[in-house]
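Because the structure is predicted, anything quoted here is derived from the model rather than measured. Index from 1, following the sequence. Every heavy atom of this structure was used, including side-chain atoms; hydrogens, water molecules and symmetry mates were not.
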Amino acid sequence: MQRIRDPQGRIDTTRLQVVAGTERTWMIDHSPGAWTPAPGVGDLFQMLRDGSLWTRGELVRATGMTRAMVVARLEPLLANGFLTPAGEASSSGGRPATRFGFNRRARLAVGVDLGVTRGRIAITDLAANVLASTMLEMRIDAGPVPVLDGVIDTVRELAGEESPERFVGIGIGLPGPVAHPSGIPTHPPIMPGWDGFDVPSYLTQRLGMPAWADNDVNVLALGEHAIAWRDVADLLYVKVSTGIGLGAIARHRLLRGAQGAAGDLGHVRVAAAEGTLYPEGPPRDLEEVAGAHAISEWVRAHNVPLPDDDIDHAIRSGNPVAVDAARRAGRLVGAALATCVNILNPSMILLGGRISAASDDLLAGVREVVYRDSLLLATQNLRVQHATVGEHTGARGAALLAIDEALSPRGIERLLK
């Protein structure tokens, strides 16, 4: 077991709970003179959130607390329904001990994944399993008030008779840069009128529940990791659509950076490249040369008609110009990702977004360059593949954004007051 201390040499319980979540251990320092606060209600709750079942006796042994302390911390969690009895442990004699587990039906959450022209809205349980969902037709460039009012009306319709108190909160993914932890969009290039708009406050005031906002690719990464790849500690999720973005999971945690700007892959500057709209000239943003719009313009320049601007259909149908453009875009994305691989050393890269979903051609281009240009050690066990979860990934990731905040050690203690 790893022993973690703060700069004064004391056990850091905040960081310990992250380790405990994956190893089912809770480390208590019994060395002489050590300062070891007993886990609080919120800390103890984290030990059960992964779905594992515990008896009171097991919790006593794992935490080093007395039985009375464990019982006192379990009582409000049981009374409020966040924990529930889940059968009896085997016994070699005497009355079997009752096991307790996380009750994912104790409350509800809302997840919203907004794109450029539509959004997915879902109501989930506390494990982000979708209970109800719908699509919302909208245009992100209409501005925050019309778009968010549409979200609010849709949430109320989905919620039906459920009161706001049944919800731990709402999470929303936005297609642009979002400051962390405020959740306020900051100079989003395709979201006129959204800069500086307090999205979480607007939603909270009108829905009566806590709200959190993040970049759409971050919530996609959260959803994909939690639902399909929970055992993968280091993962990159790349969305190639109108824009290009990256969500990074490092040691099971979302990597946001100092202000929430981590992962803005679309604004990595790339050199002019043969076979693109810009074969010469100064460096340009990656999404200018490899995003959906750039691919569409390249295909049109070669006299291929695109009814309704449907580049996805042209790629899926095997049009050779469109397929070649997608593969070239993949190579450009792969060149940017090779640098990320050398720096972050993930064990998995997942490609999502409309261009990736259209065929394997973008994926092939990414693989070609990532494996060629990254360090051999960094690619030794690296998998590069399509995202797997499907149409609800973003909404479930956004719900997880709210769930993880609401059920954090401090969050759950606020809910129990």
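In Arg156, the CZ atom is crowded: over 12 heavy atoms of neighbouring residues, nucleotides or ligands sit closer than 6.0 Å. Heavy atoms from other residues, nucleotides or ligands lying under 6.0 Å from CZ of Arg372 number more than 12. The environment of Gln259 atom CD is sparse: at most 12 non-hydrogen atoms of other residues, nucleotides or ligands sit within 6.0 angstrom. Annotation: Arg300, atom CZ; neighbour count of heavy atoms from other residues, nucleotides and ligands within 6.0 Å is above 12. More than 12 heavy atoms of other residues, nucleotides or ligands shown are found within 6.0 angstrom of CD on Glu162. Within 6.0 Å of NE2 in His313 there are 12 or fewer heavy atoms belonging to other residues, nucleotides or ligands.
Proximity of a side-chain donor or acceptor of Trp54 to a complementary backbone N or O of Ala62 within less than 3.5 Å is not detected. Remark: side-chain polar atoms of Thr55 are not paired, donor with acceptor, to backbone N or O of Arg99 under 3.5 angstrom. In terms of modelled atom types and a separation under 3.5 Å, the side chain of Tyr371 and the main chain of Leu382 share a donor-acceptor contact. Between the Asp50 side chain and the Ser52 main chain, a donor and an acceptor come within less than 3.5 Å of each other. A donor-acceptor pair under 3.5 Å links the side-chain atoms of Glu224 to the main chain of Thr388, judged by distance alone. Under the 3.5 Å distance criterion, the side-chain polar atoms of Asp125 are left unmatched by any main-chain donor or acceptor of Arg104. In terms of modelled atom types and a separation under 3.5 Å, the side chain of Arg166 and the main chain of Ala106 share a donor-acceptor contact.
The heavy-atom pair separating Ala294 from Val289 by the smallest distance is CB-C, 3.6 Å. Closest of all the heavy-atom pairs between Gly334 and Val370 is O-CG2, 3.6 Å.
At a threshold of 4.0 Å, the pair Asp360-Arg367 does not count as salt-bridged, since none of the basic side-chain nitrogens sits closer than that to a carboxylate oxygen.
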Task: Derivation of the side-chain hydrogen bond (donor to acceptor under 3.5 Å, both in side chains) call for Asn319 and Ser317 - done: CA-CA 6 Å; Asn319 179 278; Ser317 63; over 6 Å; no
TODO: Test salt bridge (charged side-chain N to carboxylate O under 4.0 Å, His left out) on Asp404 and Arg253 and set out the steps.
DONE: CA-CA 11 Å; Asp404 286 344; Arg253 296 173 67 85; over 6 Å; no
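Counting only heavy atoms from C-beta outward, the side chains of His187 and Pro177 never approach each other to under 4.5 Å. A heavy-atom distance below 4.5 Å is found between the side chains of Asn342 and Ser374. Using a 4.5 Å heavy-atom threshold, the side chains of Val199 and Ile184 count as separate.
Applying the side chain to side chain donor-acceptor pair (under 3.5 Å) rule to Arg410 yields no partners; only residues at least two apart in sequence or on another chain are considered. Listed by chain and number, the residues in a side chain to side chain donor-acceptor pair (under 3.5 Å) with His267 are Asp264 (sequence neighbours excluded). Under the rule for a ring pair (Phe, Tyr, Trp, His ring centres under 6.0 Å), the partners of Phe45 that lie at least two apart in sequence or sit in another chain are Phe102. For Pro210, the side-chain contact (heavy atoms from CB on, under 4.5 Å) partners two or more places apart in sequence, or in a different chain, are Trp212. Every salt bridge (charged side-chain N to carboxylate O under 4.0 Å, His left out) that Asp141 has, sequence neighbours left out, goes to Arg139.
The side-chain hydrogen bond (donor to acceptor under 3.5 Å, both in side chains) contacts involving residues 213-222 comprise Asp214-Asn218, Asp214-Arg256, Asp216-Lys239, where partners must be two or more places apart or lie in separate chains.
Note that CG of Leu407 is 9.5 Å distant from CZ of Arg107, once rounded to the nearest 0.5 Å.
Side-chain contact check for Ser133 and Arg120: at least one donor-acceptor pair (N or O, by modelled atom type) lies under 3.5 Å.
Under the 30°/60° scheme for interplanar angles, the aromatic rings of Trp194 and Phe197 are found to stand perpendicular.
When the options Asp149, Val155, Asp153 are evaluated for a side-chain contact (heavy atoms from CB on, under 4.5 Å) with Val151, the one that passes is Val155.
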